[in-house]
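Here's the structure, in structure tokens; my notes come after.
Throughout, a chain's letter reflects where its sequence line sits, starting with A, and its residues are numbered from 1.
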Amino acid sequence: MSETIEKKASYNPKEVEDKYYKICEARGYFEIEGNKEIQEAGTDGKIKTFSIMMPPPNVTGSLHIGHALTFTLQDIITRYKRMDGYKTLWQPGTDHAGIATQNIVEKQLLAEGTTKEEIGREKFLERAWLQKKTSGNNIVHQMRKLGVTPAWQRERFTMDEGLKEAVKEAFVSLYNEGQITQDTYMVNWCTHDGALSDIEVEHEEVNGKFYTMIYKFADGSGELEVATTRPETYFGDTAIMVHPDDARYKDIVGKEVLLPLTDRKIKVITDEHVDMEFGTGVVKVTPAHDQNDYAVGQRHNLEFIKVFDEKGILNDYCGEFAGLERLEARPVIVKKLEEEGYIVKIEEHLHQVGHCYRCKNIVEPFISTQWFLSAEMAQNSIQKAKDTTKERAEKGSSLFHPPHWINSYTAWMDELRPWCISRQLWWGHRIPVFTCEDCNHTWADKADEPEACPKCSSKKLTQDPDVLDTWFSSALWAMSPLGWGNNGKMAETYNDTDMEEFYPNSLLITGFDIMFFWVARMMMMGEHFQGKLPFEDIYMHALVRDEHGAKMSKSKGNVIDPLDMVEEHSADIIRFTLAYLAVQGRDIKLGAKNLEQFRNFTNKLYNATNYLQLNVDTFKDLNEIKVVTPLGRYMESRLAEAVEKVRDSLDTYNFSDAAKALYNFVWNEFCDWGIEYSKADRESIPELGAIFKETLKMVSPFMPFISDHLYHKLSGTTLEEGESLMVLPFPKEIKADEEAEKMFAIIEESITALRRAKVVIDMGNSKIDKAYIKLDPTAKIDTQMAKPFIEKLAKVLEIEFVDAKVADSITDVSDNLEVYLPTGEIDMTPIITKLTRQKEKLEKEIQKLNGMLNNERFVANAPEAVIAENKQALEDANNKMTKVSAELEGFGV
RNA sequence: GCUCGCUUAACUCAGCUGGUAGAGUGCCACUAUGACAUGGUGGAAGUCACAGGUUCAAGUCCUGUAGCGAGCACCA
């Protein structure tokens with residue numbers, strides 16, 4: 001690199017982003033009245049409203065790339081709607097994240113050499129709140145680095161005073177309706193975290209072992225081979241079962257076998273559940289420790305024997321093994337069985353094992369008493385989601401975007417089972433159910449500490465020790481921050497009109513991974529309490545992967561930290577990159593290359609601004625001027641198309657299309673043509689500046705900082721003393737100018753033809769003295785107007801319009817014109833080659849078009865417009881063919 | 001096993017309701033001309049996974065196959 005090339009100044013986001021963000025937040029732009037000046041009424045005469053709830057991140061979490069994607073998309077839509085005159089609510093908040101937070105605090109205690117049991121519930125909760133406070137706002141501050149604009153003044157926490165009320169409101173109401181009931185049932189049990197709902201269990205394939213062991217008949221008449229993956233549970237066996245049709249075992253049904261190493265006898269029964277083909281066809285039945293056996297046990301009235309406790313410690317049923325932990329016990333028990341000759345064989349066995357989604361512990365099916373929310377209460381929301389889809393389908397829209405998610409949603413909902421909502425934790429919403437110690441009356445109460453038993457007035461009351469599943473409070477998130485159920489608490493964070501204005505929410509944007517955890521639950525709660533589904537649209541975005549398509553994970557070391565990216569590039573660049581890559585229905589592969597492309601884009605924006613200001617200091621807004629120059633008219637017309645494209649794309653949540661439309665307009669239209677043309681027509685520059693400022697308004701939702709900065713730069717104002725771009729109206733209703741478009745199409749064609757021709761004579765893009773253009777009779781333009789543009793961009797000192805081919809020249813043939821470059825004695829071979837290839841292409845095209853147009857059935861069936869289009873294409877091709885052939889003849893080919 | 005998605009240029013991906021295949025990157029050639037070399041100009045590059053079907057016309061609609069991915073269920 002030569003040292004003479006100076007490093008030019010470029011845009012420095014670090015000087016802009018934090019400063020601008022602080023100013024905008026302080027001015028209240030993010031709040032629902034932040035754009036009051038430009039709010040406008042909809043068709044019904046009321047102010048248009050738009051609402052979107054932020055999926056509350058875990059209060060103890062930190063920002064990862066998935067957050068960056070979801071928040072960026074939410075922010076783009078929010079900013080767009082805000083600029084488009086909607087009264088806009090983007091509701092922020094954080095989630096108390098029961099298990100996750102509790103685990104963090106427990107670890108801290110462990111490090112301090114104590115436990116939660118030792119310090120007690122009250123102290124523990126103090127610690128948890130402390131943890132919430134210290135690490136709690138971390139993520140919220142990290143989010144600001146992305147430039148997102150939720151209504152921070154309304155920030156909520158799923159365990160704040162108001163939302164606590166909402167949870168109680170929902171619980172008590174559902175309890176009184178009989179939708180919430182307590183039941184003793186087999187649940188998924190984590191020996192560390194307690195009860196889990198079905199979807200909190202992650203099934204993973206593991207290499208296990210398949211043990212075939214011997215059960216001897218009690219009467220000494222032989223033995224049975226029984227296969228199992230979990231030998232340690234055999235102490236809880238209460239039957240042996242075979243298939244009723246299994247001829248092999250007809251004779252043993254009803255006989256008794258002895259459990260190995262014990263003298264307990266169990267019976268051989270028959271049940272359809274057995275798969276005769278699998279294993280030995282003989283199955284041990286452990287009703288207290290297996291989901292299927294539980295059902296078998298109920299069918300056959302078997303005894304339910306638990307062999308370990310909540311912590312997984314084996315009990316007295318296990319004889320000498322009592323006191324061992326269930327997983328540690330297995331090899332010990334197997335060893336003993338082997339020694340005693342009870343093990344026939346041990347095989348490798350690949351099978352699915354459930355793990356706790358939080359601590360990865362192996363989950364046990366375990367019988368316990370828990371609270372459940374009935375599946376019936378979800379029925380209306382299921383039906384409505386289907387109906388809504390039907391209604392919308394007629395309008396060409398759908399509830400889910402992309403629409404195929406409705407399949408997953410309904411498939412899951414149709415098989416919905418009661419939701420286990422109680423958790424054996426301390427951190428969370430305490431279950432508001434009380435029992436009177438005197439009369440045993442049990443009831444749900446909204447009061448934290450009810451005065452007395454409503455039945456016998458006793459004051460000896462106890463509250464259920466458990467808390468609710470974190471997702472229970474999240475399930476209310478579409479309405480609880482709007483004041484629903486808040487019982488007057490925290491009323492400063494919402495308005496009385498909020499429910500009416502913002503429910504149903506306009507849109508939900510979230511990842512598909514929490515569709516069942518969260519979306520489905522909000523659907524049931526929203527419909528149940530409001531009679532309306534909580535969302536008008538649901539946009540499910542994909543996963544962000546690394547550049548090779550692998551999932552990002554700490555262990556793989558391929559994690560991209562969004563804050564690092566902000567540091568290295570800028571919030572604007574990350575936002576634009578993510579938006580550009582956010583195509584519906586496909587995962588995002590993110591690599592350094594992507595970011596570079598859009599870093600270059602910001603540079604382009606910056607330099608376009610520089611260019612404009614080399615010529616004119618400051619520019620007016622587009623609506624303040626009348627665009628009169630031909631170039632101005634043309635660029636405004638191109639802008640009109642870009643505006644329409646960006647709007648359409650955002651309206652249908654096609655973020656990628658919107659970003660592409662912006663990118664293409666700025667780079668390929670405005671810079672490559674507009675700015676270059678303006679070098680031949682300085683008069684148009686004030687108009688181009690106004691058009692560029694309008695473009696920056698469209699850029700603003702995607703790249704809020706650089707757009708604001710450049711807008712003020714071009715206006716000769718500052719953000720400090722002026723209004724931010726983010727609360728100015730989003731461009732709309734710009735008119736296309738067909739006449740200008742047509743003229744510039746010919747000018748552009750001339751320039752391209754000349755550039756091509758120059759390459760053929762090895763002139764590259766160096767300057768030449770003279771060139772000629774012969775326009776077809778159909779190509780009518782103002783040649784005086786066109787001339788300087790063509791000369792400048794084609795780099796020809798002088799062009800001349802002619803009516804006939806110029807002698808001693810080479811030609812470039814295009815649709816509406818031919819250009820001629822005068823030649824000395826140059827080698828004509830490359831030109832002939834080029835023309836020959838062009839001719840071959842044309843022949844093929846003409847043949848194809850002729851084939852179509854001579855096909856009677858095509859002419860009879862195709863719409864007129866399509867026929868006309870093809871006829872025109874044929875005519876054009878034939879024209880061009882004539883010209884190319886004439887050229888070739890000229891060369892004697 | 002069931003459901004869904006993906007398969008288009010060397011790579012990463014667009015392509016709506018069927019009407020002559022697009023972008024970015026990369027590649028080749030030219031290029032320090034007054035916004036930008038993070039730039040400009042021109043160019044090469046595709047049996048649209050495969051096999052059938054519907055249609056005047058299929059990357060696009062239908063059926064099936066294969067490969068990859070995701071979710072759900074089952075596996076004693």
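- Taking A:Pro244 as the reference, A:Thr270, A:Glu272 meet the side chain to side chain contact (heavy atoms under 4.5 Å, CB included) condition, with sequence neighbours excluded.
- Scanning atom types as modelled, one donor and one acceptor separated by under 3.5 angstrom connect the side chain of A:Glu845 and the base of B:U20.
- Between the side chains of A:Lys604 and A:Thr602, no donor-acceptor pair is found at a separation under 3.5 Å.
- In this view, A:Glu669 and A:Arg638 satisfy the side-chain hydrogen bond (donor to acceptor under 3.5 Å, both in side chains) rule, not counting sequence neighbours.
- The stretch residues 230-241 of chain A has no heavy atom under 4.0 angstrom from RNA chain B at all.
- Checked for salt-bridge contact, A:Glu843 and A:Lys841 miss the test: no charged N lies under 4.0 Å from a carboxylate O.
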Sort me out a list of protein N/O and nucleotides 41-45 of chain B N/O pairs below 3.5 Å, or just none if empty.
{"unit_1": "B:U41", "atom_1": "O3'", "unit_2": "A:Arg755", "atom_2": "NH1", "d": "3.4"}

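- Annotation: cation-pi geometry not satisfied between A:Lys693 and A:Phe619 (NZ/CZ under 6.0 angstrom from ring centroid, within 45° of ring axis).
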Set out, line by line, the N/O atom pairs under 3.5 Å between protein and nucleotides 4-15 of chain B.
{"unit_1": "B:C6", "atom_1": "O3'", "unit_2": "A:Arg586", "atom_2": "NH2", "d": "2.9"}
{"unit_1": "B:U7", "atom_1": "OP1", "unit_2": "A:Arg586", "atom_2": "NH2", "d": "2.9"}
{"unit_1": "B:C13", "atom_1": "OP2", "unit_2": "A:Lys589", "atom_2": "NZ", "d": "2.9"}
{"unit_1": "B:C13", "atom_1": "O3'", "unit_2": "A:Arg586", "atom_2": "NE", "d": "3.2"}
{"unit_1": "B:A14", "atom_1": "OP1", "unit_2": "A:Arg586", "atom_2": "NE", "d": "2.7"}
{"unit_1": "B:A14", "atom_1": "OP2", "unit_2": "A:Arg586", "atom_2": "NE", "d": "2.9"}
{"unit_1": "B:A14", "atom_1": "OP2", "unit_2": "A:Arg586", "atom_2": "NH2", "d": "2.8"}
{"unit_1": "B:A14", "atom_1": "O2'", "unit_2": "A:Lys660", "atom_2": "NZ", "d": "3.4"}

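- The side chain to side chain contact (heavy atoms under 4.5 Å, CB included) search around A:Ala757 returns A:Ile810, A:Asp812, A:Val819, A:Leu821, not counting sequence neighbours.
- Under a 4.0 Å N-O distance rule, the pair A:Arg326/A:Glu364 qualifies as a salt bridge.
- Applying the side chain to side chain contact (heavy atoms under 4.5 Å, CB included) rule to A:Ile846 yields the partners A:Asn850, A:Leu874, A:Ala877, A:Asn878, A:Met881; only residues at least two apart in sequence or on another chain are considered.
- Screening residues 855-876 of chain A for salt bridge (Lys or Arg N to Asp or Glu O under 4.0 Å), with sequence neighbours left out, gives no hits.
- As rounded to the nearest Å, B:G53 and B:U60 have P atoms that lie 14 Å from one another.
- The one candidate from A:Leu590, A:Thr577, A:Ile573 that meets the side chain to side chain contact (heavy atoms under 4.5 Å, CB included) condition with A:Met565 is A:Leu590.
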Check: protein-nucleotides 24-27 of chain B nitrogen or oxygen pairs below 3.5 Å:
{"unit_1": "B:G24", "atom_1": "O2'", "unit_2": "A:Gln597", "atom_2": "OE1", "d": "2.7"}
{"unit_1": "B:G24", "atom_1": "O2'", "unit_2": "A:Gln597", "atom_2": "NE2", "d": "3.2"}

Self-check item: Audit row: A:Asp414, A:Ile382, side-chain contact (heavy atoms from CB on, under 4.5 Å) steps and yes/no
Solution: CA-CA 8 Å; A:Asp414 284 342; A:Ile382 297 170; 3.6 Å; yes
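- For A:Thr212, the side chain to side chain contact (heavy atoms under 4.5 Å, CB included) test picks out A:Glu225, A:Ala227, A:Thr280, A:Val344, A:Lys345, A:Glu347, with sequence neighbours left out.
- A:Lys589 and A:Asp546 are not joined by a salt bridge, as no carboxylate oxygen comes within less than 4.0 angstrom of a charged side-chain nitrogen.
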Quiz prompt | Intra- and interstrand pairs of RNA chain B - dot-bracket, Watson-Crick/G-U under 3.5 Å, | marks other strand | solution = (((((((..((((.....[..)))).(((((.......))))).....(((((..]....))))))))))))....
Can you check nucleotides 56-66 of chain B for protein contacts, nitrogen or oxygen pairs under 3.5 Å, and list what you find?
{"unit_1": "B:C56", "atom_1": "O2'", "unit_2": "A:Asn855", "atom_2": "ND2", "d": "2.9"}

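- Counting heavy atoms from C-beta outward, A:Lys713 and A:Gln613 have side chains that approach closer than 4.5 Å.
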